[in-house]
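Each remark here refers to the structure printed beneath this line.
Positions are given from 1 along the sequence. As the structure is a computational prediction, the values presented were derived from the model and not from experiment.
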Amino acid sequence: MTTTEMPAVSECTVSACSYNDHGCHAFAITVSGSNGAADCGTFIPLTAKGGLPRISSQVGACTRSDCTHNVMLECTASAVRVGPGQGDHAANCLTYSPR
């Protein structure tokens, strides 16, 4: 899979993330998590904004092998949405779908 084939982060509504500045500005995110939650492992809760000024973020890796979109730890969804989670799960992959 090349970077042009990686699924884009089409939406991120987690305003407390340093990479979110009217959209995700991380080069790539990692989807991780446990206990039924598919967390955005790239979430960083800082007041300073980071990332690249012009970027279309992508899913670099997914460790949720129980997701229907996960094939050999690569995400095969056409795009992913990231949104707020609950409790210790500050940012979740909303495209996650258990097998």
Side-chain angles (χ1 to χ4, degrees):
M1 179 178 284
T2 66
T3 57
T4 58
E5 298 172 300
M6 295 164 58
V9 177
S10 64
E11 175 184 29
C12 179
T13 58
V14 183
S15 59
C17 183
S18 293
Y19 286 110
N20 188 350
D21 187 9
H22 299 88
C24 185
H25 286 267
F27 181 73
I29 69 166
T30 298
V31 177
S32 59
S34 59
N35 299 327
D39 296 332
C40 176
T42 311
F43 170 79
I44 298 176
L46 299 174
T47 56
K49 294 296 180 183
L52 303 171
R54 294 183 183 179
I55 193 74
S56 295
S57 296
Q58 303 168 49
V59 178
C62 178
T63 62
R64 291 306 306 255
S65 58
D66 62 334
C67 180
T68 59
H69 302 292
N70 188 324
V71 176
M72 296 174 54
L73 301 179
E74 301 291 334
C75 181
T76 61
S78 59
V80 299
R81 294 173 36 250
V82 177
Q86 296 179 350
D88 294 339
H89 307 285
N92 289 153
C93 175
L94 303 178
T95 309
Y96 168 77
S97 177
R99 292 178 201 229

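- For the pair I29 and C24, the minimum side-chain heavy-atom distance is below 4.5 Å.
- For the pair S32 (side chain) and T63 (backbone), a donor-acceptor distance under 3.5 Å is absent.
- Looking at L52 and H25, their side chains never come closer than 4.5 Å, going by heavy atoms from C-beta outward.
- Using modelled atom types, no side-chain atom of S57 and backbone atom of A28 make a donor-acceptor pair closer than 3.5 Å.
- Residue N20 comes nearest to C12 through the heavy atom pair ND2-O, 3.0 Å, listed as atom of the first residue, atom of the second, then distance.
- Under a hydrophobic clustering in which Ile, Leu, Val, Met, Phe, Trp and Tyr are joined whenever their side-chain heavy atoms come within less than 4.5 Å, directly or via other members, V31 and Y96 fall into different clusters.
- For T42 (side chain) and T30 (main-chain N/O), a donor-acceptor pair under 3.5 Å exists by modelled atom type.
- Shown here for P98 and T68, the closest heavy-atom pair between the two residues is O-CG2, 3.6 Å.
- Criterion: ILVMFWY side-chain heavy atoms under 4.5 Å apart, direct or through other members. Under it, F27 and Y19 are not part of a common hydrophobic cluster.
- Taking 4.5 Å as the limit, every side-chain heavy atom of V14 sits out of range of all side-chain heavy atoms of C40.
- A distance-only check finds a donor-acceptor pair linking the side chain of S18 to the backbone of L46 [under 3.5 Å].
- Atom NE2 in H69 sits 12.5 Å away from atom CZ in R64 (nearest 0.5 Å).
- What you find for G85 and N92 is that their closest heavy atoms are CA-OD1, 3.2 Å.
- The two residues G83 and T13 come nearest to each other via the heavy atoms CA-OG1, 3.5 Å.
- The two atoms that bring C62 and N70 nearest to each other are O-ND2, 3.1 Å, heavy atoms only.
- The shortest heavy-atom contact between K49 and S15 is NZ-O, 3.5 Å.
- In terms of hydrophobic clustering, with Ile, Leu, Val, Met, Phe, Trp and Tyr side chains grouped at heavy-atom distances under 4.5 Å, F43 and V59 are assigned to a common cluster.
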